[in-house]
Structures are given as structure tokens and as C-alpha cells.
Q: 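Input: one structure, supplied below.
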Amino acid sequence: MGSFDKLNSMKKEMAKIYEPSKYEDGIYKKWEESGSFQPEAGQPQADNLDNLKLDKKAESYIISMPPPNVTGTLHMGHGVTLVIEDILIRFNRMRGKRVLWLPGSDHAAIATQTKVEKILKEEGMNRHELGRDKFLKRVEQYAQESHDTIIGQMKKMGSSCDWSREAYTLDEMRTKAVRSVFKMMFDDGLIYRGERIVNWCPRCHSTLADDEVEYKAQKTKVYTFKYSRDFPFAISTTRPETKLGDTGVAVNPKDKRYKKYIGEEYKVDFCGVRLKLKIIADRGVDMKFGTGAVGVTPAHSFIDGQMAEKNNLEIKKVINEEGNIHEDFVGFSGKNILEAREEIVKKLKAQKLLTKEEEIDNNLSLCYRCDTPIEPLPSLQWFIDVNKKIARYKKSLKELSIEAVKKGVFNREKIRIIPERFVKNYFHWMNNLRDWCISRQIWFGHRIPVWYCRGNDMEQCLPDCKKPIVSINTPKECPACGSKDLVQDKDTLDTWFSSGLWTFSTLANSPDQIKIKNKRLIIDSDDFKKFHPTSVLETGYDILFFWVARMIIMTTYAVQDIPFQDVYLHGLIRDALGRKMSKSLGNVINPLDMINKYGTDAVRLSLVIGTTPGNDMNLSEDKIAGYRNFTNKLWNIARYIITNPPATARHERAGYELRTRLPLRGTSGQVTNYEFDQEKLTNADKYILEKMGYLIDEITGDLNDYSFSQAGEKLREFTWAEFADWYLEVSKFEKSKEKSLILFYILENLLKLWHPFMPFVTEKIWEEMGKAKMLIIEKWPLNTSLIKGDRGINNFEIIKNIISAIRIIRAENKIEPAKKIKAVIFAGEQMNLIKSQEILIKSLRTGISELEIKKSGVKPKNAIAISIGGIEIHIIGAVDKEKEKERIVKEIENLEKLIKSAKIKLSNKDFLNKAPGKIVKAEMKKLKERENELEKLKKAGKS
RNA sequence: GGGUCUGUAGCUCAGUUGGUUAGAGCGCUACGUUGACAUCGUAGAGGUCUGCAGUUCAAAUCUGCACAGACCCACCA
């Protein structure tokens, strides 16, 4: 059987409706098994099967996937990230780049520990009862399960990432990187340990970084009272219970009321507790708030702490790590804050010291993980100094990070942030950054790589023994005294410390590739050489500071390079009404449910089209259903084309049967499988081919510019409105020999252009077309000029307009669909064109049974006349005279209005003088055309 | 208190450097199985682009102010 016969015997069957769930998993498996996700694998540079190797000089393109937390399941936010990154990855893969999308997950210390603690609580246990080791086992087990779920879900989204390189923030390589960078920073004096007021979460039993604290507006009471009868004036506070730790009272230096007291010291008995209070002056005190005097509680307020430092006040801790009153305070010891507050207020009332009690608006600080109120309290913690100059850079971490975005560092272009407005936010945040508290008192995470020597007896140790031992590997003995009695710091590191290293730590394939050389962290791997810095970092704008900024800090410091060249920030997903999705509101749209119902491709489109970078987007099930309809439309376009298989020898050459032939050369010299017989091309053919060319250019440009939504909309418009609604319809009536070849050509290109957006349905259709190679590694199309000589866009546009005009007339005059009508066209200069397109004008839902085309003539009686661009169309029969008159009057009115405004514009000397000639000319041309139309209409109206 | 963003059709949003009669999807109305698709087709209604002022020959687009909403940062004792 010859290949030609084979082709004809291949009468394809395709389901009437595309059912995503039938194909998606299978397609993903095929991609994965083919190795196409790996940068080493087959790349689209190849034009035939013998040449599937990657071009060695290919440009690298890499995205480090923001690692999802191993705390549960995938939500729509992850969905957007995965879709946008997959679009970029697939697009660049098809363009022949060496592409790596590196996936991973984040141990998310506090978040994960909190989840497991909740589970334990349900079992009636807590982590302390379980003990550190057993607890950690429990967390790891949970993390593993959660990880597996999430990975499965990521695959469901169609993510074409290289699973062979999957990383985890807590695995061996990443741990080595964390410890190395810690050591470098410690040796540079950037990491220090100090007693400072920190944000303390009494539930997590841990510190939090400044940006891990959330604020909630609330009403609270302000109490105004005297500490005791012998204290001269009253103070105001919202937290009477902390006043037990007051060691001073601050007033504004300008405040005449209190000037005389400044510098005085008072010993008072405050609710049974002896307080020593020094009156200090501080410009920060608001004279108008309360009494204008404020009790200074150095241990439990950041500002008071600063005042205390300046004025040498004693620091007295009132609240302990449990969030209860410290045991030193007889009568209050062990009580929780609210109890203590009530009690103190009661006592003050009894002593008639309380003079005022009023409600004000106030912000309550909360833990971002568990919503427990934060207590500022002094604690011994590890910090990163962001202001200290680093000798080899002559800059601080802060300055280095600002410069990377402002003008670029280490000979790199400045980091580009999209949308640009976030650059301002970034600078603002960086400029105000305080030292970063990196120690956490939780168990799950990177243990701080610091050991202390206990010796046999501290007193006998050398002075150096008291220094912390910072080491990448667990030290065997104290370097100072040789004692083997070492103990590791109990704390763990802030989870963002490890994720801050993500772009480079993930490029190490084994721990021994991570080295420190000349005060620089070296990742000695091929991957690092090829893939760092990464091309783009794509994530939600809500973690610009948490993560993006920290990657810039850590990477510039450690590896002396930027982590990424571009930052693309997407918005948050909200529900159809613009509300945040939350469990309590019950408005969460689960990506997996939607995938099961509508297919991955529909979900992907809904997350990308109709969105703007950095702006929040509203998502509704209706929207997803709409894109499901679109995937089905595409499927049916393909179904129509494929199940009417081409039957010429040239289709065979175009790759539909034999795949061993060399590709043909297109007219522009670009490699293409297609070549058309120019003589045979109709107006519609030229139109669609030319538009396809423009489309390719535009989509390529849009994807390069991160304009995903625009690209998607253009593609949708072309696919549905141009290709399906017009060209496909034309193809049913216009029997040119080139037709089916062109249909395949357009379909093929559309599938390629759509593939990054909807990988599954396009790959499935590709398979239905009988292609040998998978679409995922096909070559991105080029705008090759397949048409010689005159272009078709304008000509076919005229035909489209004529057909539309006739349809409008039919609808307006309520001509029954089944009723055939007669039309006469006075074509003027377009005589030849219109004559050649007679069949289309008669066939495309115009219901014309008789069509007469003349150069010009006398208007037929009882006809409706319309005129488009100098062509007159007369519809005969079924004329509703009233309707027709109405239409003409309306049209004349409209035209007169337009003509009037154009005339005004053109009589304006300033317009003529100052507007560019092009605009003026266009305006004049428009006026002339409209005047012609008007004249014709008026003539028609008379008869 | 400091800052950012948004306000365009009933709803969700596009609208690139100012320049055709301001667009799309959904929804709505009327009609409709012509060789893929009713998850479809044809046609239609619907907007003084939040308001005011300014710059300009020309403003949805640039500037200022006002109003409404969202968010970020700092945080008040």
C-alpha cells in the first residue's frame, strides 16, 4: 500500500467533545518519559528526527520555581505561578533555548511545625511531651506526605519542570549552602548574637521577623492614672499590666507642664510593686495624647527600649515567654495578661488613682502564622547586621541590594522588576530595613550551626572557649581547649534564610560542590555555570519582601552575582466579587476540582487571560467554564480539519505521512514544510496566511514582554473570530486545491502558538494529526512570507464587509432565515474582485439565491440600498419599507454628525498647523468618504 | 502618619508612546441545526471612560484637586 493510499485509509475519528480527563495524565506521562523537561534532552532546533540534539551554543533559560510550602495542598496562587512559569518555559523551549525549570519545595519551618502541632493537639499531646527527636520525625513524615500531594498536583497543572533536579530547602545540599553562608556572614561580623527586644509569639514560642508580624485594627481602652498617691502626675496607657516593668516616665521636652520634673527620680508603690521611675525627656512623646506623659517599659516596647538605652534605664522583664506575668511579681506571677490587666485596673480604681478610661482605635500585632498576639520582649537572639560595611564590597548588605536594582552590580544589568511600580516599594523597604533576626525557637528547620564549649568546668576554660564555635561540619572538639563536651545552639534558622539562597543552592548536585573560596561561595557544578543567574523570578507581589528581597541580599553577598535578571510579579487571586479566598468565607476555588471539571487547559487560561501584572484578579467558575468552551472550540476546529483528511501528494510532503523527507524551503528561505502554489491562492487564503504571519510576530513579542493576557486574547480572537468564523466557513464553499493544505498549516501554527498556554489539548490534537515528534519540542513558528505579490488582507476585508452588510440588512428587516433574496451589486472599481468572490457572497449565511454584479447601473425598484466603500448593494424582495426608511434616516443622521465634527476639526487652523500631516490627511480622507456615503444614501432615500 | 494601586457596558476586565464612531468575555434580547462545535451560529441593545479644573490642535490616556475602594509600610503609648 503506497503512502498515498495509507493517508486516505486513515479516515480519522475524533470525539465530538474534548474530554480533558481522558487524555491529560497520559500526555503528561509521555512528556515526562521522553525527557523533554530536561535541558539536556531533545530540543526543537531539530528539523528532522536525526537531529534531535541540543545546539551547544543555545542560550540558557532558567526559572527557579518558588518552592511551595510542604504544609498542605496547592491553591490558586500556586496555580498562577505554575501557569505563568510554564508558559515562559514552554515558549523558550520551543524557541530552541536550553531550558531548565527547577522545581522544589520549602520546609517552611514555622508554618509546618504549627500544622503538626495542631494535629498533636487534636491527639491531646504537645511537642514537649513528645520530645524533640520524635516530634521532628512526626514533622518530617507530615512534610513528606504533603510534599507528595503537592508534587502530584503540580504535575496535574501540566508543569514541565525537570523533576530530576528537584530540590528541598532542608536537604543535604541546601543544608551545606545554609551553613556555608552562615559561616561566611559570621566571619564577616555580619551575624551577631545579642539581647534585643524581639517580636515574640507566645504560642509558637518563638521570635518572628518584623515582616512576619501582622496588624489588625481594633478598639482598645486607654487608661489614665497615677502610679501612686505620691507620684505628681498621671500617665496614659493601653497596657496597664506592663507598667509593672516601668523604669521611667517620658515627657516631651517642650511640655511646660512637666519641665520641672525632668531628671527627677521617684520611688513608688504601684499596686504592691516597688518601682523606681526616672523622668526623662523625649521628643517623640506626643503632648496631645492622654496626659502627655508616658510610662517607659523598656522590656516590652521597641520605642521604650530605645529610650531606655539612651537614658540608661534599667530593663525589667514583666512578661515571660508564655505570655504570662513573670514570677518576680508577687500577686501577679503566672497570671495571663488580661487577668493581670483587669486586676491592676481594679486596684487602681479602688485606690481612686484611675482618672479616665476611654476607647481608641489601635493596631494589635499578630503572628502571621497563628494569629496569636505578639509580645515584644527582650531575648538573646541571632541577627544579621544589614548596615555594617563589608570590606571587600565597601558596602553594607542593604547598599548592595539597593544597588542591584538601582544601577546593577557585579557587571550585571540592573534587576528589572515588572510591573515597575514595585521598584519604589522595594527601595522603601530596603531603606527602612532593620537588623534581621534569624533565630527561631522552633524545632523544625535548619539548626543554627553554632556550638558552645562546656568543657569540664567553664571556669577553667580558656577565655576563647566562651566564644561560639561556628562550623559548616559538626565540630568534634573545642578548638580552644580540646574539650569534646560541645553543645549545639538549640535554635533554628528563619526559613527565609534558606529560601534566600534558592537560586544558587538548587544548582548544586552534591554537597562537596559547595565551597568557600576567597570569601566567596562557589557552586562548582556545570549547572551553576550554565544556569546562574536565573532568567526570571516569577511570584506573587505579596512575597516581594519576604523572599525576593532576601534572595537579592543573600546572593549578592555570597556568590557576588545577582540571583535573577527579571522579576515578574503577579497579583493575588480573589473570588468573583473581589474578596480574598478563605476557608471561613467558603469562597475558595480549588484548582484540582476545577481541573477535574473543566480540564487543566481551561484553568490555565482563566488564570492568565484578563489579568494584568501586579494587579489582583478575580476568578469565577464561570470564567473557567468559558475557557473550557474555548478548548472545545479548538478541538472541533481541529476535528473538522483532520477528519476531512488531505489527499494530495503535497500533504504527504508537509509531514502528514512520511516523516523521512527533508523539509521544504519556504519562499523566504526559512525552513518550512509548506509551500503554496501562488496562482491558486484566493483572497481568503492570502488573508489568513498574512494574518497568521502577523499573529506569529505579535505573540512572540508579547511573550517576550510578559504580556501573557494580551497574547492570549489575540490568539483567541484569531482562532475563533478569524479562523473558525470566517476562513473555515469560506473553506466549505471555496474549493481551491490549496485549501486543505492551508487549513493544516494554520492549525499547525495555532497549536504551536497555543501550546504554552494550553499544553494538553494542543498536544492531543497534534497527536491526532499523526505527527511523529511531540509538540512540546516543536519549533516555534516564524513569520515566513508564504505569499508573493499582492496581499490579500484588504481584498478579503471588502468581501467580509459586503457579507456582513447583507446579514445586517436581513436581520434588521426581519427577513426569515429560510427566505432567499436577490441582490444587485454595483461594484465600480472592485468589479473583478467581487465577481471572483461571487460564490462566497451567495453562500456565507446571506441567503442570496440570485446575484447580479455590474460596474454600475440604475438603482432597482423596491430594493434596500447600502453602500460600503464605494460599492453599492441592493437587496431586492422582502423589503420592509418603514424599516428601510428608518434605517436610512438614522444612518444619514449619524453620517451628518460625523461629517460635521470632521469639518470643524479641519477648519481649525491650529489643527492643520500643529497636528502631524499624517493625521490631517487621514482626517480629510475620512471626511471625503463619508460625504460620498451620505450622497448615495440620500439618493437611495429619495427613490 | 508615609506610600502604592484601582475607579471604562449589568458583571469581570483590556485599552502599549495622547490621534478612526472606546473594545473583549460573561450576562441580556431576537432569530437560527447550511458538511467541526448548542461547550454552537447570525444579528442586536448597553458606556457624557467617578467628578471638577488644567495642559494640548486633540485627553479614557498627561498634570492637579476632590470623591470612592483596595493594599503596603511605620506604629501611638
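Note that the structure is predicted; figures quoted are calculated from it, not measured. The chains referred to below are lettered A, B, ... by the order of the sequence lines, with proteins before strands, and numbering in each begins at 1.
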Q: Determine which nucleotide pairs with B/U63, using a 3.5 Å limit on both distances of a Watson-Crick or G-U wobble pair.
A: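 B/A53 - that is the nucleotide pairing with B/U63, both distances being under 3.5 Å.
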Q: Checking only heavy atoms, does the side chain of A/Arg807 share a donor-acceptor pair with the base of B/U42 at less than 3.5 Å?
A: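 Per atom types, no contact qualifies.
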Q: Hey, does the side chain of A/Asn636 come within less than 4.0 Å of B/C40's phosphate (OP1/OP2), counting only N and O?
A: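 Checking B/C40 against A/Asn636, no side-chain N or O comes under 4.0 Å of OP1 or OP2.
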Q: Measuring centre to centre across the rings, with the benzene-like ring taken for any Trp, is A/Tyr568 within less than 6.0 Å of A/Phe708?
A: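 Close enough - the centres of the two rings lie under 6.0 Å apart.
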Q: With sugar-phosphate meaning primed atoms plus P, OP1 and OP2, does A/Val285 contact a base, only sugar-phosphate, or nothing at under 4.0 Å between heavy atoms?
A: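 Counting heavy atoms under 4.0 Å across all strands, the contact made by A/Val285 includes a base.
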Q: If a protein heavy atom is under 4.0 Å from the base, mark B; if only from the sugar-phosphate, S; if neither, -; do that for nucleotides 15-22 of chain B going 5' to 3'.
A: ----BSB-
Q: Look at all strands and tell whether A/Leu619 reaches a base, only sugar-phosphate, or nothing, counting heavy atoms closer than 4.0 Å.
A: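 Here A/Leu619 touches no strand at all.
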Q: Tell me whether the centres of the aromatic rings in A/Phe545 and A/Tyr426 are closer together than 6.0 Å.
A: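 No, they do not, as the ring centres are separated by 6.0 Å or more.
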Q: Applying the Watson-Crick and G-U wobble criteria at under 3.5 Å, what pairs with B/C26? Answer none if nothing qualifies.
A: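 Check on B/C26: paired to B/G10, both distances under 3.5 Å.
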Q: In terms of side-chain heavy atoms of A/Asp725, which of B/G41, B/C57, B/A36 is nearest?
A: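 Nearest listed nucleotide: B/G41.
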Q: Counting side-chain heavy atoms from C-beta on, which of B/C73, B/G32, B/U39 comes nearest to A/Pro817?
A: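 Among the listed nucleotides, the one closest to the side chain of A/Pro817 is B/G32.
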Q: If you only use heavy atoms from C-beta on, which nucleotide in B/A43, B/A70, B/A14 is closest to the side chain of A/Arg574?
A: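 Ranking B/A43, B/A70, B/A14 by closest atom to the A/Arg574 side chain puts B/A70 first.
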Q: Counting side-chain heavy atoms from CB outward, which of B/G41, B/A74, B/A36 is closest to A/Arg639?
A: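 Out of B/G41, B/A74, B/A36, the nucleotide with an atom closest to A/Arg639's side chain is B/A36.
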Q: C1' atom, B/U20 versus B/C13: distance in rounded Å?
A: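 One C1' to the other, the span is 23 Å.
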Q: Please state whether the base of B/A30 and the side chain of A/Glu812 form at least one donor-acceptor pair under 3.5 Å?
A: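 Per atom types, no contact qualifies.
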Q: Kindly point out which of B/C57, B/A43, B/A36 is positioned nearest to the side chain of A/Ile637?
A: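 Comparing B/C57, B/A43, B/A36 against the side chain of A/Ile637, the answer is B/A36.
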Q: Between the base of B/C75 and the side chain of A/Asn363, is there a donor and acceptor pair under 3.5 angstrom?
A: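 Answer is yes: a donor-acceptor pair is held.
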Q: Tell me which nucleotide, if any, is Watson-Crick or G-U wobble paired with B/U16 when both distances must be under 3.5 Å.
A: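 With both distances under 3.5 Å required, B/U16 matches none.
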Q: B/G35 pairs with which nucleotide, Watson-Crick or G-U wobble, both distances below 3.5 Å?
A: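 Matched B/G35 with nothing under the 3.5 Å cut-off.
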Q: Just compare B/G35, B/C75, B/U4 and give me whichever is closest to any side-chain atom of A/Lys732.
A: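 Within the option list, the nearest is B/G35.
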Q: Would you indicate which nucleotide in B/C72, B/U4, B/U12 comes nearest to any side-chain atom of A/Asn618?
A: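 Closest of the options to the side chain of A/Asn618: B/U12.
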Q: May I ask you to say what A/Lys16 touches in the nucleic acid, namely base, sugar-phosphate or nothing, with a heavy-atom cut-off under 4.0 Å?
A: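 A/Lys16: backbone/sugar contact only, no base atoms under 4.0 Å.
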Q: Which part of the nucleic acid, if any, lies within contact of A/Asp304, taking any heavy atom under 4.0 Å across all strands shown: a base, the sugar-phosphate backbone alone, or nothing?
A: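 Nothing: the residue A/Asp304, judged by heavy atoms under 4.0 Å, touches no strand.
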Q: Rounded off to whole Å, could you give me the CD1-to-C1' distance for the A/Ile303 and B/C76 pair?
A: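 Spelled out: CD1 on A/Ile303 to C1' on B/C76 is 7 Å.
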Q: Of the nucleotides B/U39, B/C75, B/U6, which one has an atom closest to the side chain of A/Asn632?
A: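 So the nucleotide nearest the side chain must be B/U39.
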